[in-house]
Amino acid sequence: MKIAIVDDDLAFQIHFTSLAVANSLSLPVSVVPFSTGSALLLSPLASFDAFFLDLYLGEEDGMALAETLQKELASPLLVFVTSSEGRAVEAFALAALHYLVKPLDQAKIDQALSRIDKAMEKKAKKIVFESKEGLVSVRLSDLLYIESFGNDKFFKLKDKSFSLR
């Protein structure tokens with residue numbers, strides 16, 4: 001899972017990154033920090049699975065950044081991280097996945113990462129095969145390669161392998 005965190009507080013970026021990477025869900029997480037929304041918008045947005053946005057970014061506003069992300073990407077996974085509870089309704093009007101109030105702890109980060117993981121699972125493109133045991137669903141992002149030997153097909157995924165005839 002690749003996450004962008006946009007917060008103008010460097011100490012918070014470091015704290016957030018350590019909590020996200022050390023999540024108790026055993027999810028592999030990489031975090032790319034940004035100090036401004038402008039810097040984020042110059043990066044390859046489609047490479048991120050989720051965006052954690054501070055609402056107050058100096059001269060910039062996290063809500064406006066979220067609106068821009070929604071225009072640039074199809075259904076971005078947004079999580080707002082802020083010290084204010086006052087804008088939660090506004091955040092959820094933008095289809096935010098979660099709203100975190102600072103200070104953060106491991107449990108809050110784990111809950112947000114769990115929601116992101118479930119949302120990514122729903123959005124993932126899959127192919128379904130019929131086998132003797134029933135239907136086999138494979139996420140395309142997990143598929144490394146398929147080998148064909150006559151009527152036998154050998155599927156190599158990131159975490160397992162199987163064959164079908």
Side-chain angles (χ1 to χ4, degrees), residues 1-128 137-144 157-160:
M1 180 182 303
K2 186 175 177 185
I3 294 172
I5 173 73
V6 184
D7 197 296
D8 54 356
D9 181 354
L10 179 60
F12 178 78
Q13 289 179 7
I14 294 167
H15 177 64
F16 174 86
T17 299
S18 66
L19 290 174
V21 170
N23 69 81
S24 64
L25 306 170
S26 300
L27 292 173
V29 174
S30 67
V31 178
V32 179
F34 296 92
S35 295
T36 65
S38 302
L40 171 68
L41 294 174
L42 292 174
S43 69
L45 297 176
S47 69
F48 295 105
D49 296 312
F51 302 89
F52 283 71
L53 309 175
D54 188 6
L55 289 177
Y56 305 105
L57 297 166
E59 298 293 318
E60 298 176 326
D61 179 56
M63 291 290 178
L65 176 58
E67 290 172 355
T68 302
L69 289 172
Q70 287 179 326
K71 290 175 187 172
E72 296 292 323
L73 300 168
S75 304
L77 300 179
L78 303 172
V79 176
F80 289 99
V81 183
T82 184
S83 55
S84 168
E85 294 180 6
R87 297 181 74 187
V89 173
E90 191 179 349
F92 287 111
L94 290 174
L97 196 58
H98 206 43
Y99 191 91
L100 298 172
V101 179
K102 296 176 184 176
L104 297 184
D105 58 25
Q106 192 66 60
K108 288 179 180 180
I109 294 292
D110 287 351
Q111 185 180 35
L113 292 177
S114 176
R115 285 187 183 186
I116 292 168
D117 189 48
K118 288 175 184 168
M120 286 173 56
E121 180 66 32
K122 286 180 184 176
K123 285 174 62 170
K125 293 182 181 179
K126 300 175 184 174
I127 51 177
V128 179
S137 177
V138 175
R139 284 180 19 175
L140 288 179
S141 60
D142 291 340
L143 183 62
L144 298 176
L157 307 178
K158 289 179 182 176
D159 58 349
K160 66 180 180 178

Thinking salt bridges, do D7 and K102 make one under a 4.0 Å N-O criterion? yes
When you measure from the side chain of E72 to the backbone of L45, do you find a donor-acceptor pair of N or O atoms at a distance under 3.5 Å? no
With the side chain counted from C-beta on, respond yes when L73 and F48 share a heavy-atom pair under 4.5 Å apart, and no when they do not. no
Determine yes or no for a side-chain-to-main-chain donor-acceptor pair under 3.5 angstrom, with Q13 supplying the side chain and P33 the backbone. no
Please assess L97 against L78 for the test side chain to side chain contact (heavy atoms under 4.5 Å, CB included), listing each intermediate value before the final yes or no. CA-CA 6 Å; L97 196 58; L78 303 172; 5.9 Å; no
Could you tell me the separation between the CD1 atom of I5 and the CG atom of L53, rounded to the nearest 0.5 Å? 7.5 Å
Can you find a heavy atom in the side chain of L42 that is under 4.5 Å from one in the side chain of F34? no
Heavy-atom nearest pair, D54 first then T82, reads OD1-CA, 3.9 Å
Grab the two heavy atoms, one from G37 and one from L65, that are nearest each other, plus how far apart they are. CA-CD2, 3.7 Å
Taking the side chain as everything from C-beta on, heavy atoms only, tell me whether F80 gets closer than 4.5 Å to M63. yes
Over all atoms of both residues, closest heavy-atom pair of L25 and S114: CD1-N, 3.7 Å
Minimum heavy-atom distance between K126 and S137, given as atom pair plus value: CD-OG, 3.5 Å
Heavy-atom pair with the smallest gap, counting every atom of I116 and A50: CD1-CB, 3.6 Å
Determine, stepwise, if the pair Q106 / S24 fulfils side chain to side chain donor-acceptor pair (under 3.5 Å). CA-CA 8 Å; Q106 192 66 60; S24 64; 5.5 Å; no
Closest heavy-atom pair, H15 versus L104, reported as atoms and distance to 0.1 Å, is NE2-O, 3.3 Å
